[in-house]
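First up is the structure itself, then whatever we jot down about it.
Computed from a predicted structure; not experimentally measured. Sequence lines set the chain letters: A, B, ... in the order given, protein chains first and strands last, and positions in each chain run from 1.
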2 protein chains.
Amino acid sequence: MAVLSRLEWSHIEVLLAVAELGSLSAAARRLGVTQPTVGRQIGAIEECFGVELFTRLASGMEPTEAAMALLEPARAMREAANKLELTAAGRSETAGGTVRVTTSVFIAHHVMPPVFARLRRLAPEISLELVASDTTENLLFREADIAVRMFRPRQLDVVTRFIGEVELGLFGAKDYLDRAGRPERGDDLLRYDFVGYDREEQLVQGFRQAGFNVDREFFTTRCDNQATYWELVRAGCGLGFGQASIARADPDLEEVPLGFELPRLPIWLTVPDVIRHRPAIRRVWAVLEADLLAIADGSEQR
Amino acid sequence: MAVLSRLEWSHIEVLLAVAELGSLSAAARRLGVTQPTVGRQIGAIEECFGVELFTRLASGMEPTEAAMALLEPARAMREAANKLELTAAGRSETAGGTVRVTTSVFIAHHVMPPVFARLRRLAPEISLELVASDTTENLLFREADIAVRMFRPRQLDVVTRFIGEVELGLFGAKDYLDRAGRPERGDDLLRYDFVGYDREEQLVQGFRQAGFNVDREFFTTRCDNQATYWELVRAGCGLGFGQASIARADPDLEEVPLGFELPRLPIWLTVPDVIRHRPAIRRVWAVLEADLLAIADGSEQR
DNA sequence: CGCCATCCATAAATTTATGCATACCCAATC
DNA sequence: GATTGGGTATGCATAAATTTATGGATGGCG
């Protein structure tokens, strides 16, 4: 027996995401679920209303007129939901202490520095420690309190929260590209200079997985400080990898089309079950959550 | 592993219901789910926010200060959701035809007449037929298009929608009670005159189940028209049963405490799967839904 | 003071929804 | 015209939620 259930409020959030992003897959990424799930939920809404809300195109989902009419109240709902969430967050008590955050080396370099800067400003009473490590066991051994991971931890006794995904890209200074020339189709990217990391192996491994046999020395300029790394790229020392959303907004930089696909980085926050209620932990968690949400793709919602 | 998931919008609806009705059970009745479900969802919200939202009393759930602070944005969400639902409903095409609605005899007498009146006014292009019958198979044999039932149908190939519950009560005119005297504790209610139905047996059976051995003649005044029935009660012909929410608002009437509990009437809308997309059906369904929602308990939401 | 109704919390059983893998479609590109 | 990359739809095993069925606790009422 089919049940034509009352429209669930959660479904409206899904409707919004699909309408705004134009595809089930993109909406699924924003919401941290899979594409079939989003598809089925959209189907349920159309079923419930008896109206076609999207026309299925090869390029994605195009909202019909009916769907457009629903957008305004849906956005009003989101606004109210945000307000509610903020109100709730404001009710949690605050207190000092030290919070240790662990992330992969890559995330520590590429994502965390500006986040930590804002965290210092927003919660000066809390001391921070950043543990850059690719070991995943830190939380269990209590070497850190909160982990930012690029996968969903499967351990017991931890609490996780999906944040979103960060899109990476390859960028170079306009200056440099003027000198070295823009890449032609089929061109060999290896002829360019690359800015790399000194101690970190991830970039090297990434290149090797893509079929380019390079070693650490391949990167003609190396630096372990992310802020400096980025300045080296902007100064024209060579091509470098960074967050696409940030780099694209930089007028001095130009995106370089890659021959292969860079993985998107999903972000998961994790905290051990037993300590997550401590006020300082809650506070850091809340700020991390907000900042990372703003960084992750699909954050145009606010 | 525990997942501290993003707050789901549906949960806010639950929060609202519990805060407004003051108990898990009442909220569950309004939402058409069971009490443990509501309890767990409230738990999940508190978990997510890290704040106690309700103090558990024996008499129910009392909202804490934190919960009160969330009420205003939550109501804003509900308002937006209502607007969205109305917008969506307005998008369905309209067309004439005849729609047959079947209900139990009891519902046909007690609930439907004013609903049908409004339905006539709102959709004059649709002819209506009311089939009062306690047989549950009408839909299968296609004797009717839409059924209003006091239970959730379990057949295949039909679509159902929970509406809410109607509370019944025993009432008498102030006039009449002045004459006959108010009942004392332990008093025998049978000494009063009762207004009953002529052809309907449900009231008789109800009395028998409550331990009073009465027959049809016990009802000193009888009438098969619900509107007239009610006027007879208001005129002081005796005590009569009716919708509590309506009767309590009537200054001429007084509620008479009963020695036993009257069952609440849950309301389910049902339509066969294959015809529910026909415009006239959709239209009648939408009006029935709106009207019955307004009648059912817990409708103070609008 | 015991009875009874109402309420919440908890434990098994079942329904429901989700994720994964895969097939398929279309457009752009070489 | 094959290939690649992005999208959507579907079948099935699994995980998650709900229902159902209990028990315990409290307050009203005779």
Salt bridge flag under 4.0 Å for residues Glu13(A) and Arg30(A):
no
Presence of Arg40(A) side-chain N/O under 4.0 Å of dA17(C) phosphate oxygens OP1/OP2:
no
Under 4.0 angstrom between Thr37(A) side-chain N/O and dA17(C) OP1 or OP2
no
Between Leu21(A) (CG) and dG7(D) (C1'), how many Å, whole number?
14 Å
If only atom types and distance count, is the side chain of Thr64(A) paired as donor or acceptor with the main-chain N or O of Glu52(A) below 3.5 Å?
yes
Salt bridge or not between Arg78(B) and Glu20(B)? Use side-chain N to carboxylate O under 4.0 Å.
yes
How close or far is atom C1' of dT6(C) from atom CZ of Arg56(B), stated in whole angstroms?
17 Å
Nearest-Å distance for atom pair CD/C1', residues Glu8(B) and dT18(D)
14 Å
Are any side-chain N or O atoms of Arg282(A) and backbone N or O atoms of Phe49(B), one a donor and one an acceptor, separated by less than 3.5 Å?
yes
Distance below 4.0 Å between Ser25(B) side-chain N/O and dC8(C) OP1 or OP2:
yes
From the list dC7(C), dG19(C), dT26(D), which nucleotide is the closest neighbour of the side chain of Ala58(B)?
dT26(D)
Between CZ of Phe162(A) and C1' of dT18(C) the distance, given in whole Å, is 15 Å
Nearest-neighbour nucleotide for the Gln41(B) side chain, dT18(D), dA9(C), dT10(D) considered:
dT18(D)
On DNA chain D, compare the nucleotides closest to Ser59(B) and Leu57(A); which residue's is nearer the 5' end?
Leu57(A)
Select one nucleotide: of dT20(D), dC8(C), dC20(C), the one nearest the side-chain heavy atoms of Thr34(A).
dC20(C)
What is the separation between atom CD on Gln35(A) and atom P on dA9(D), rounded to the nearest whole Å?
7 Å
